[in-house]
Number of protein chains: 2
Amino acid sequence: MSVTIKDIAKILNVSYATVSKALSDRDDISEEMKAKVRKVAEELNYKPNYIARGLVKKETKTIGLIIPDITNPFYSEIAMAIEETVNKEGYSVFLCNSNWKNSNENDYINLLTSKKVDGIIIAPIGEESLNLESVDIPIVIVGTKKSYNNQNYVVIDDEKGGYIAVKHLIKQNCKKIMFVGGKQNVQSNKQRLEGYKRALIESNYEINEQYIRSGNFKQESGYLIMKKVFNDGIIPDGVFAGNDLLALGVMRSALDFGLKIPDDIKIVGFDDIPFASLPEISLTTILQPKYKMGEHAANMLLSKIKNPEINCENIILKPKLIKRKTG
Amino acid sequence: MSVTIKDIAKILNVSYATVSKALSDRDDISEEMKAKVRKVAEELNYKPNYIARGLVKKETKTIGLIIPDITNPFYSEIAMAIEETVNKEGYSVFLCNSNWKNSNENDYINLLTSKKVDGIIIAPIGEESLNLESVDIPIVIVGTKKSYNNQNYVVIDDEKGGYIAVKHLIKQNCKKIMFVGGKQNVQSNKQRLEGYKRALIESNYEINEQYIRSGNFKQESGYLIMKKVFNDGIIPDGVFAGNDLLALGVMRSALDFGLKIPDDIKIVGFDDIPFASLPEISLTTILQPKYKMGEHAANMLLSKIKNPEINCENIILKPKLIKRKTG
DNA sequence: ATAATTAACTTAAACGTTTAAGTAAAAGAT
DNA sequence: ATCTTTTACTTAAACGTTTAAGTTAATTAT
């Protein structure tokens with residue numbers, strides 16, 4: 001079908017070892033021979049078969065990226081950073097959407113090991129049942145510092161982020177502060193909730209379980225949660241949302257209910273996705289350096305691939321409050 | 001290193017052909033043998049090597065996806081649709097960001113052919129120099145109907161979308177209607193501009209080259225273009241933006257300049273990305289059925305992979321005006 | 001002039017599968 | 001009782017590379 005090293009060898013009447021070595025510029029091949037080989041390769045439009053190469057070299061120059069949802073700006077920016085970073089070193093990335101389902105995460109891990117990727121970066125949804133024990137390829141976790149089989153991770157300090165957010169609301173004189181989170185079992189979500197609680201306790205606020213709600217990390221979820229809250233007759237004056245998407249939903253719901261932001265209710269999100277900075281939104285939020293996170297994760301993985309023996313330091317990036325108009 | 005079919009064969013004292021066939025449930029292997037093989041495979045935690053399989057079967061169950069920017073909600077939703085659709089059939093997808101650079105597109109195409117993908121879906125940035133002639137794997141183009149070597153495509157009718165958008169502005173009584181586009185050489189952008197012109201001509205408006213601007217498809221670009229426009233003393237009462245990101249930039253610039261939307265200036269975008277529907281944004285726009293486009297493209301590619309001989313019909317989806325508050 | 005070295009190849013095995021073709025024993029047909 | 005068919009395997013080649021080890025001829029050293 002497609003042209004191989006053997007075709008080139010046949011034309012030049014040399015062994016295919018010669019062709020292989022000529023193409024990879026080894027120094028036991030004469031310059032004339034290299035020139036001849038390159039010329040024929042060019043003429044035949046030869047493209048090396050990396051599958052065959054992968055089989056003998058036992059590396060595919062490919063990594064897997066497992067994320068919950070590429071449609072979420074937080075993950076798409078991380079994905080972008082990872083792809084750009086590893087591509088510079090000649091690696092490709094398999095995009096895998098777990099769709100917030102742990103079973104998909106495990107399925108993808110099996111698939112990726114069968115496809116012989118050189119490493120995996122995963123942003124776990126956070127369930128216990130993520131199984132990394134039997135995986136013998138380098139792995140980097142991004143977005144949660146929950147320990148999965150002692151793998152290295154790149155995160156921001158979620159607890160501190162939650163703490164900063166809620167401290168800010170308290171300083172703005174909010175009295176009834178809600179937490180509208182994503183999936184309960186997601187580690188980063190738990191950590192943000194911990195920060196929420198610590199801030200409240202530190203300021204002698206009461207922890208009211210009525211004020212702690214969870215859904216998933218989508219806009220619609222924030223909208224529905226708050227709709228229900230308002231219908232239940234609860235009207236908070238401050239909301240710390242588990243991410244910006246949720247915060248947007250919360251905003252929409254609050255506006256629908258007739259509340260003024262930030263006069264009646266202040267809202268702080270988490271992530272700082274691109275749209276948060278739009279003047280029409282102007283969402284006060286906790287910045288995650290998403291691109292940096294992806295870059296760090298990618299570089300960490302590459303280093304693990306190249307030097308499996310040396311072990312890396314985990315990376316914990318600092319969250320930062322971005323004050324805008326919603327709180 | 002990792003356990004192979006040979007390890008299983010050695011333990012059971014059978015040939016590795018037997019093991020291979022037992023695992024793929026072929027009918028010339030007895031049920032007892034299959035059971036034994038499966039048991040040992042399980043015990044050893046055997047994972048098939050798809051690289052080796054790929055070499056002999058000449059299929060990798062992998063496709064490549066080349067898009068300009070995964071961070072752009074338009075592309076991330078298409079990517080999501082594609083990944084989900086092909087994953088159901090056991091295919092994985094290589095994510096490739098061309099970053100709006102044609103040279104990257106061509107580099108990725110070479111890389112993907114070397115990685116022996118079974119097919120490629122590409123959302124071309126639209127330059128002539130995209131070279132698909134020598135590629136002998138199935139290809140589907142998404143997002144532009146510009147003909148690249150007669151490959152099949154999935155698009156929406158961009159010209160009609162532009163036409164509808166501008167007709168709408170005219171009906172809203174706009175007199176000075178601008179077009180703020182993305183990269184000039186991008187085919188879909190050109191088409192939208194064509195629609196803009198047709199609508200104007202049809203209504204006896206003059207085509208003013210001063211009113212036609214282009215940048216790239218990012219928010220910042222729309223912002224900067226309009227800033228310059230306002231500084232030049234041009235104050236349009238209607239803007240058709242080449243995509244929603246640009247429209248958002250235009251909005252921001254107009255607000256900065258002190259204009260009221262939609263009273264002083266009406267704005268229509270293109271794409272209908274998720275954020276366009278936020279009440280705070282409420283952008284009037286032309287809907288592209290992004291998920292559907294991705295799904296169609298994926299299914300078309302799968303069908304081409306399975307039946308290379310039968311040729312598909314191109315798919316042209318209809319654009320639709322979504323009227324919101326900006327115009 | 002001969003031995004040692006170097007340059008430029010070739011040979012052949014390996015990577016982990018799949019599969020067409022072959023084989024021997026058991027089962028069924030006449 | 002013999003021939004045919006079926007069952008359940010095994011053999012061996014193939015997929016397209018890479019690479020360690022081997023070979024031969026040319027070059028350099030003594």
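Quick caveat: nothing in here was measured; it's all calculated off a predicted structure. Just so it is clear: chains get the letters A, B, ... in the order the sequence lines come, proteins before strands, and each one is counted from 1.
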Asker: In whole angstrom, give the distance that lies between atom CG of B/N13 and atom C1' of D/dC9.
Answerer: 13 Å

Asker: Just how far, in rounded Å, is C1' of C/dG16 from CZ of B/R53?
Answerer: 11 Å

Asker: Is it the case that C/dT10 (base atoms only) and A/K21 (side chain only) share a donor and an acceptor within less than 3.5 Å, ignoring hydrogens and angles?
Answerer: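 Looking at the base of C/dT10, it does pair with a donor or acceptor on the side chain of A/K21 (distance under 3.5 Å).
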
Asker: Nearest heavy atom decides the nucleotide; on that basis, is A/A17 or A/D27 closer to the 5' end of DNA chain C?
Answerer: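 On the 5' side of the pair lies A/D27.
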
Asker: I want to check one thing: is the phosphate of C/dT10, taken as OP1 and OP2, less than 4.0 Å away from some side-chain N or O of A/S15?
Answerer: yes

Asker: Rounding to an integer number of Å, can you tell me how far B/K116 NZ sits from D/dC15 P?
Answerer: 13 Å

Asker: Whether B/K116 engages the ring of A/Y50 as a cation-pi pair (distance to the six-membered ring centre under 6.0 angstrom, angle to the ring normal within 45°) should be assessed.
Answerer: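 Output no; distance or angle outside limits.
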
Asker: From C/dT10, D/dC15, D/dT17, pick the nucleotide closest to the side chain of B/L55?
Answerer: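 Between C/dT10, D/dC15, D/dT17, the one nearest the side chain of B/L55 would be D/dC15.
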
Asker: Rounded to the nearest angstrom, tell me the gap between atom CD1 in A/I51 and atom C1' in D/dT18.
Answerer: 15 Å

Asker: OP1 or OP2 of D/dT10 versus the side-chain N and O atoms of B/T18: is any pair under 4.0 Å?
Answerer: yes

Asker: Measure the distance from CG on A/L12 to P on C/dT10 and round it to the nearest whole Å.
Answerer: 10 Å

Asker: Under 4.0 Å, heavy atoms only, any strand: does A/N49 hit a base, just the sugar-phosphate, or nothing?
Answerer: sugar-phosphate

Asker: Return the value, rounded to whole Å, for the distance between atom CG of B/D25 and atom C1' of D/dA8.
Answerer: 15 Å

Asker: Should the pair A/K306-A/E89 be classified as a salt bridge under the 4.0 Å nitrogen-to-oxygen rule?
Answerer: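 Yes, A/K306 and A/E89 are salt-bridged.
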
Asker: Is there a side-chain polar atom (N or O) of B/S20 under 4.0 Å from OP1 or OP2 of C/dG16?
Answerer: no

Asker: Can a donor-acceptor pair be found between the side chains of A/E133 and A/N149 at a distance below 3.5 Å?
Answerer: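 Note: A/E133 and A/N149 side chains miss the donor-acceptor criterion.
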
Asker: Please compare B/E32 and B/K57 by the position of their nearest nucleotide in DNA chain D and report the one closer to 5'.
Answerer: B/E32

Asker: Looking at A/Y16, I'd like to know whether one of its side-chain N or O atoms comes within less than 4.0 Å of OP1 or OP2 on C/dA13.
Answerer: no

Asker: Are B/R26 and D/dA8 close enough that a side-chain N or O sits under 4.0 Å from OP1 or OP2?
Answerer: no

Asker: Please say whether more than 12 non-hydrogen atoms of neighbouring residues, nucleotides or ligands are located less than 6.0 Å from NZ in A/K39.
Answerer: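 No, not enclosed.
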
Asker: Rounded off to whole Å, could you give me the CD1-to-C1' distance for the B/I5 and C/dT17 pair?
Answerer: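 That distance rounds to 6 Å.
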
Asker: Can you tell me if the side-chain N/O atoms of A/K58 get under 4.0 Å from OP1 or OP2 in C/dG16?
Answerer: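 So the side-chain polar atoms of A/K58 do come within 4.0 Å of the phosphate oxygens OP1 or OP2 of C/dG16, strictly under.
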
Asker: Just verifying a value: how many Å separate B/L65 CG and B/F94 CZ, rounded to the nearest 0.5 Å?
Answerer: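 Spacing of CG (B/L65) from CZ (B/F94) equals 12.0 Å.
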
Asker: Below 4.0 angstrom from OP1 or OP2 of D/dT18, is there any side-chain N or O of A/S24?
Answerer: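 Answer no for this pair, as no side-chain N or O of A/S24 is under 4.0 Å from OP1 or OP2.
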
Asker: Using whole Å, report how far CG of A/L23 lies from P of C/dC9.
Answerer: 14 Å

